[in-house]
Amino acid sequence: RDPVVTRRLPRVPSVVLPVLREELASEYPDLTVGSWYADVDHRTFPLLSVRRLGGVANDPARLDFPVLEMTAYTRDGLVATEDLYLDARAVILDMVERQRVTEAGYLHSFTEVMGPTLLSSPFEDTWRITGSIQVGLRPLRNQ
């Protein structure tokens with residue numbers, strides 16, 4: 001019996017997070033970018049969290065449509081927090097428009113499911129803007 005070869009799509013954070021870190025570093029030198037934030041008493045801000053919220057894989061080996069929950073936190077007020085969210089959204093859209101290939105894969109489509117929305121922040125003296133973006137995700141062609 002032949003062994004079953006499992007092909008996996010990349011995790012969407014492995015495609016998106018390195019590019020967000022790189023592209024936002026000059027504008028936000030103290031920015032922490034991750035998919036989850038540490039459960040600690042002392043965090044540094046600004047903070048950008050991007051994680052998979054759901055979505056559907058049309059072809060689990062070659063095509064996925066994850067929905068990203070993206071949340072920006074700052075201590076610098078509503079406008080600064082919204083600007084961080086909008087700048088991060090622009091980076092993701094640019095990844096799609098330029099078909100930017102990363103070591104893990106690439107994005108091929110972009111649909112904003114829920115635009116930037118102000119929510120109460122779980123962190124004292126901070127602002128929180130969150131939204132949802134559905135992207136099309138593909139692995140590298142040679143995988």
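Listed by first and then second residue, the side-chain hydrogen bond (donor to acceptor under 3.5 Å, both in side chains) pairs that reach into residues 131-140 come to none, sequence neighbours excluded. Note on residues 82-104: no pairs pass ring-ring contact (aromatic ring centres under 6.0 Å, His included), not counting sequence neighbours. Residue pairs meeting the ring-ring contact (aromatic ring centres under 6.0 Å, His included) criterion with at least one partner in residues 113-140, sequence neighbours excluded, are Tyr37-Phe123, Phe45-Phe123, Tyr73-Phe123.
The side chain to side chain donor-acceptor pair (under 3.5 Å) test applied to Ser49 returns no partner, not counting sequence neighbours. In this structure, Arg128 has no salt bridge (charged side-chain N to carboxylate O under 4.0 Å, His left out) partners at least two apart in sequence or on a different chain. Here Asp59 pairs with Arg62 under the salt bridge (charged side-chain N to carboxylate O under 4.0 Å, His left out) rule; sequence neighbours left out. Every residue meeting the side chain to side chain donor-acceptor pair (under 3.5 Å) condition with Tyr28, not counting sequence neighbours, appears here in chain and number order: Asp87. Residues satisfying the side chain to side chain donor-acceptor pair (under 3.5 Å) test with Asp76, not counting sequence neighbours, are none. Residues satisfying the side chain to side chain contact (heavy atoms under 4.5 Å, CB included) test with Asn58, not counting sequence neighbours, are Val56, Leu63, Phe65. Under the side chain to side chain donor-acceptor pair (under 3.5 Å) criterion, Asp83 pairs with no residue, sequence neighbours left out.
The two atoms that bring Thr74 and Gly77 nearest to each other are OG1-O, 3.6 Å, heavy atoms only. Between Leu48 and Ala88, the shortest heavy-atom distance links the atoms CD2-CB, 3.6 Å. Taking all atoms of both residues into account, the shortest heavy-atom contact from Pro139 to Ala61 is CG-O, 3.7 Å.
Taken from OG1 in Thr81 to CG in Leu86, the straight-line distance is 10.5 Å, to the nearest 0.5 Å. Separating the CD atom in Gln99 from the CG atom in Asp94 is a distance of 11.0 Å, to the nearest 0.5 Å. Once rounded to the nearest 0.5 Å, the distance linking CZ of Arg51 with CG of Leu68 reads 11.0 Å.
Here the side chains of Leu84 and Leu31 are in contact, with some heavy-atom distance below 4.5 Å.
Looking at Thr130, its side chain does come within 3.5 Å of a backbone N or O of Met70 through a donor-acceptor pair.
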Side chains of residues 15-25: which donor-acceptor pairs under 3.5 Å do they make with residues two or more places apart or in other chains?
{"residue": "Arg21", "atom": "NE", "partner": "Val33", "partner atom": "O", "Å": "3.2"}
{"residue": "Arg21", "atom": "NH2", "partner": "Val33", "partner atom": "O", "Å": "2.8"}
{"residue": "Glu22", "atom": "OE1", "partner": "Arg100", "partner atom": "NH2", "Å": "3.1"}
{"residue": "Glu22", "atom": "OE2", "partner": "Arg100", "partner atom": "NH2", "Å": "3.2"}
{"residue": "Glu23", "atom": "OE2", "partner": "Arg100", "partner atom": "NH1", "Å": "2.9"}

Please tabulate, one pair per line, all N/O donor-acceptor pairs under 3.5 Å involving side-chain atoms of residues 107-116, not counting sequence neighbours.
{"residue": "Ser109", "atom": "OG", "partner": "Gly136", "partner atom": "N", "Å": "3.1"}
{"residue": "Glu112", "atom": "OE1", "partner": "Arg89", "partner atom": "NH1", "Å": "2.9"}
{"residue": "Glu112", "atom": "OE2", "partner": "Arg89", "partner atom": "NH1", "Å": "3.0"}

Go through Thr126 and Arg43 one step at a time and tell me if the side chain to side chain contact (heavy atoms under 4.5 Å, CB included) criterion holds. CA-CA 11 Å; Thr126 63; Arg43 291 177 183 82; over 6 Å; no

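Only one option out of Thr71, Leu119, Leu118 pairs with Ile129 in a side chain to side chain contact (heavy atoms under 4.5 Å, CB included); it is Leu118.
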